[in-house]
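Working notes, structure below.
Here is the naming used below: chain letters follow the sequence lines, and residue numbers restart at 1 for every chain. Every heavy atom of this structure was used, including side-chain atoms; hydrogens, water molecules and symmetry mates were not.
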Amino acid sequence: MTEIPKAYEPQSVEDKWYDFWVKQGCFTAEPARVSDKRPAYSIVIPPPNVTGMLHMGHVLNNTIQDILSRKARMDGKEVLWLPGTDHAGIATEGMVAKQIRKEEKKTKQDIGREEFIKRVWTWKEKHGGIIIAQLKKLGCSCDWTRERFTMDPDYVRNVQRVFVDLYKKGLIYRGKRMVNWCPATQTALSDEEVEMKPQKGFMYHFKVEVAEASGMWLTIATTRPETIPGDTAVAVNPKDPRYAHLIGKHIVRPLPAELPREQKLIAIIGDEHVDFEFGTGVLKVTPAHDKADFEICQRITKWAGSRIERTLFTDELSFMEPIEIMNADGTMNDLAGADLRGLDRFKARKVAVEKLTELGAMIEEKPYENNVGFSQRADVPIEPRLSEQWFLKYPSVEVSKACVAQSGDGVQPGGLSELSPGQRPGVVGGIGSHPRGVREGSAAPAGAGQLFGGEEPRAFSGAKFQQPSGLGPNAGKMQFHPQRWAKVYDHWLTNIQDWCISRQLWWGHRIPVWYPKPGAFTEDQIHNLIESQNDAYQDVASIEEGVSVRWVSIEPPPDPANWTQDPDVLDTWFSSWLWPFATMGWTGDKTQDSNTPTLRAFYPTTDLVTGPDIIFFWVARMIMAGYENMGEMPFKNVYFTGIIRDKQGRKMSKTLGNSPDPLDLIARYGADALRFGTMRSAPLGQDVLFDEKDVELGRNFCNKLWNACRFRQMQGGEVQGEMDAKLLSSDDRWILLRLDQAIREVSDALASYNFATAVQTLYRFFWSEYCDWYVEASKAAFFGEDAALKANKVAVIDFVLSHLLRMFHPLLPFITEELWHGMGYSADMPEDQGGRTIMFARWPKPLSDEEKEAWGLDDTVETFANAKFELVTQGRNLKTQFNIGAGKKGKFTLKPAGQLDPSEAEVLRLLLSAESLELDPNYVPKKGTPTALTKLGELYLPLDGLVDMDAERVRLTKDTAKIQSEIEKVEQKLANPSFAQKVPAAVLEEHKQRLADWQAKLAQAKAAIEALG
RNA sequence: GCGUGGUUAGCUCAGUGGUAGAGCACUACCUUGACACGGUAGGGGUCGCAGGUUCGAACCCUGCACCGCGCACCA
């Protein structure tokens, strides 16, 4: 044993052990080791953005995962924590484009698609590993041999295969529909990527003339006058008596001003959607630039005819054809008219207002606040826009809803016993038993049809739907922690619309669909392709494209010269929803997959740890993908962390500059300190208000732990000696009991994901119980002469510390490993159970009844210890009150209430830091001697010099008052007749005992006052 | 509007029916032989408000107020 430094220095310890763990393969999961005795435990990391840097949210999230993983290893499980990153389409593409713009003054179009993607890869190779390196600094025990990236070749194939599969199942379709268009990044976004924000603007009222009734004017309210050129109708509620009679007539649209009157006539239509009360009750309908208006348009046209095609528009209905008045970048196009053409949409709004005013149509404008959708990435207002995109009807919705336990389901969390008979834990039993029928429940909500150039989603020929039969066994098997998020999840799943999965980007998974080049095939040839055996040729009845076949396959068509691949890529989430199995060697081939060791052993995963903000983006979609592709849920438990905020409760953000750099914190305080500080203030499911003080506390804590071990080391002696029951002191027995209690509490807390509780318990046990009381008390033996007693005390300390270090390991991996070896606890352990590393030491078990009996750990231990502590506290209090502060020793005399072993007295003396503690059953104090009244007897502090009788009287009188008020409280309760009748016996007894104790103290106090004379 | 979380010491939070707690901050004292990244003692709370249930409520029920968050959303 080498002497360890006075203060813990994390920097010299952390890298050393991390390298050791990696080199020794401690993090590497071995599927072959999985057995009934060694169950599998797995987590997949929520893949951080490859462009990302570690922030406090990552620290919280990954520390939790590391705690779960390390705890599972110590429980003897075979653990896979699978790490990786995602390619983050928009963010990464934006970043590289910006770099190119800055360094080369070029756009991505200038350098071309192929070259651009090359640049992104170069960037990724250079900088993409930063966050991974940072996770290592934090101590994360991920299996780096299995690190994955969503753009890995095999992962790309998986994404494409799933696309092709869903396409053939009829769940993916292409259509021209309203999408959330981001004019800044010029791509479509899903509904989830739009954030509603209140915006201050104006509500404009303008008037329009009814064409058939000259001189009759209607007033319309709008926040977007620049879209007037795109209006194709004016809607009123057919039940609105003010306007109903006007339905079928027309109004004159004021803009574009230069058009002749007859080209500006648009119809007045009736639609229930229009609210009488709101605005003027007259709604302008701009179907190409407003979602609700588009739906009105759909309703009207559907009402007028069945399947609508452009050529079928009658004159009567042609007014409904949407007019697109904007370009992709958010500027106005020619159809917006001469006044607005070329202007940005917000500039155009101002000009439109001017124009209306000029025309005398503007009635008023008043300040108005409404919610506007913003692009989450680019932070600019979304433009609802008619656009041709790929959409997905969500699969496996019903089973995904049913599998998550709602409150009151009463299902036990993820017990393996719930698996069907014959399904070994961790084995992909679900493959081949795909719950196909559930797809029927996934039909899109009404109104999600495809109108313009779209296609009806249809079932892949040959796929037979069955009635859902797999819901029963799945129902409620997955647990959310805290459970309330299950409701949010369920609500979203109930109201989902089809998912727009295509993105107008270059960086990402290219859509595996090819279209014939114009003129490449004759109609007959196309017909033959469709009829051929190769089902990559997909029949399409699309007027928009003017073709009727597509090639849909992972492989390019055999005659690529005749085809053009779809230029778009898939939403990043369309790749990450496959994460739990696509990272494990999944191929989609059932036979092959059932023999893939990693997948067999570790899917479904055990726990997922993530933030509630991505329930929709990721969690729900992973569940659907899991059922759809694996026939089984992707994880059994989902733990939702809180959001990390600063100490003022604000979200951490780059713009506010209130987010500390975790790497900086690690450099200053150590990774363990950061982990400790973060976890200590992270209650279950609550937001975390982070303060650097927390990390400082963590550092202090590590230092305390370090020094507690240092103290043990300074006592010398053999490691891990056997404890001799006969030599155990009351303090030894007490700390063993407290240890037992701590093991129970910490184990329970971790099992229920109550991390803050676990940390709190460890803190209390180690600092308040072990250091403050036990270690101090133990000094009585160590400063004494009895060698056997000392040796036994060392054995107790080793027992406690070796358990304690193990309990701390998941939370504080570095310092515990260092101490585990430094203290020599690894020496006697089996190689694979703590000998090599504390990582695989067994998680402490609570003491058995036999052990408790052998060591004499009974109820009296606690009572006696508490009495001692009470005496000590009161004695210290006396010293303070009579100015015998720390520094000065003081001489005490105890008039014991019963027998007190001299060794106990010596402990008391030490805890009181008194020069002496005399035991004298017949002690008669001088008048005015300060007294503390305790269960162990009366403790006196005889003062050598002057005795301040008045001061002592004041003190005792104050005590008496307090005692009396306590007595009153208890007496009042006991005096209540129904109390005695109705209260449980134990409670009644406890109250009586409490009364007796206080009364005894009162008697002591009165006697003491009397003694003052 | 619907849903959801919160309101306890100056601050951040535990406590979910039986004597109101922790850490930080604060005050005083102490560099004593693990640790000043430490120790000892202390001050500080009518547990948001109002009812109800109960022998007993911070805790359960009802209502209200305020602060968050999510979803929806009317031009």
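- Across all strands, Val282(A) comes closer than 4.0 Å to no nucleic acid atom at all (heavy-atom distances).
- Partners of Val372(A) according to the side-chain contact (heavy atoms from CB on, under 4.5 Å) rule, which considers only residues two or more places apart in sequence or in another chain, are Gln199(A), Asn370(A), Phe374(A), Pro381(A).
- Every residue two or more places apart in sequence or in another chain that forms a side-chain contact (heavy atoms from CB on, under 4.5 Å) with Lys366(A) is listed here: Met203(A), His205(A), Glu364(A).
- C73(B) and A65(B) have their P atoms separated by 26 Å, given to the nearest Å.
- Taking side-chain N and O atoms only, Tyr489(A) has no distance below 4.0 Å to OP1 or OP2 of G70(B).
- In this model, the phosphate group of G39(B) is approached by a side-chain N or O of Trp767(A) to a distance below 4.0 Å at OP1 or OP2.
- With sequence neighbours excluded, the residues forming a salt bridge (charged side-chain N to carboxylate O under 4.0 Å, His left out) with Glu383(A) are Arg224(A), Arg345(A), listed by chain and number.
- Every residue meeting the salt bridge (charged side-chain N to carboxylate O under 4.0 Å, His left out) condition with Lys779(A), not counting sequence neighbours, appears here in chain and number order: Glu776(A).
- Here Lys779(A) lies in heavy-atom contact (under 4.0 Å) with a base.
- When the C1' atom is used for both G33(B) and C24(B), the distance is 30 Å, rounded to whole Å.
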Grab the N/O contacts between the protein and nucleotides 22-25 of chain B below 3.5 Å, and write none if there aren't any.
from   : atom 1 : to        : atom 2 : distance (Å)
G23(B) : O4'    : Arg680(A) : NH2    : 2.9
G23(B) : O2'    : Arg680(A) : NH2    : 3.4

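- Nucleotides C13(B) and C47(B) have their C1' atoms positioned 13 Å apart, rounded to a whole Å.
- Partners of Asp772(A) under the salt bridge (charged side-chain N to carboxylate O under 4.0 Å, His left out) rule, at least two apart in sequence or in another chain, do not exist in this structure.
- Side-chain proximity of Phe711(A) to G18(B), G38(B), A34(B): nearest is A34(B).
- Rounded to the nearest Å, the gap between the C1' atom of G43(B) and that of A25(B) is 13 Å.
- Among the protein residues, Asp694(A) comes within range of no part of the nucleic acid, since none of its heavy atoms lies under 4.0 Å from any strand.
- Using atom C1' as the reference point in both G17(B) and C64(B), the two lie 24 Å apart (nearest Å).
- Dashed line: the shortest gap from a side-chain N or O of Arg484(A) to OP1 or OP2 of U4(B) is not under 4.0 Å.
- The side-chain heavy atoms of Phe480(A) and Lys487(A), taken from C-beta on, include no pair separated by under 4.5 Å.
- One P atom belongs to U46(B), the other to A9(B), and the distance between them is 9 Å to the nearest Å.
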Indicate every side-chain donor-acceptor pair of residues 267-288 of chain A with a distance under 3.5 Å to a residue at least two apart or in another chain.
from      : atom 1 : to        : atom 2 : distance (Å)
Asp271(A) : OD1    : His273(A) : N      : 2.7
Asp271(A) : OD1    : Arg299(A) : NH2    : 3.1
Asp271(A) : OD2    : Arg299(A) : NE     : 3.1
Asp275(A) : OD1    : Glu277(A) : N      : 2.9
Thr280(A) : OG1    : Thr219(A) : O      : 2.5
Thr280(A) : OG1    : Val282(A) : N      : 3.3
Lys284(A) : NZ     : Thr227(A) : OG1    : 2.6
Lys284(A) : NZ     : Asp231(A) : OD1    : 2.9
Lys284(A) : NZ     : Thr286(A) : OG1    : 3.0
Thr286(A) : OG1    : Asp231(A) : OD1    : 2.7

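- By the side-chain contact (heavy atoms from CB on, under 4.5 Å) test, Glu971(A) pairs with Ile967(A), Leu995(A), Gln999(A), sequence neighbours left out.
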### Summary
For RNA chain B, the dot-bracket notation using Watson-Crick and G-U wobble pairs below 3.5 Å, [ ] for pseudoknot-type crossings and | for other-strand pairs, is ((((((((.[[[[.)..(..]]]].(((((.......))))).....[[[[[..)....]]]]])))))))....

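- With centres under 5.5 Å and a plane angle under 30°, the ring of Phe783(A) is stacked against the base of G33(B).
- On a pure distance criterion of 3.5 Å, a polar donor-acceptor pair joins the side chain of Asn371(A) and the base of C73(B).
- For Arg738(A) and Tyr774(A), the positive end is not near the middle of the six-membered ring at less than 6.0 Å and at most 45° from its axis.
- Here, U62(B) and G21(B) have their P atoms 29 Å apart, quoted to the whole Å.
- For Phe755(A) and Tyr639(A), the ring centers are positioned less than 6.0 Å apart.
- Comparing the C1' positions of G45(B) and G10(B) gives a spacing of 11 Å, expressed to the nearest Å.
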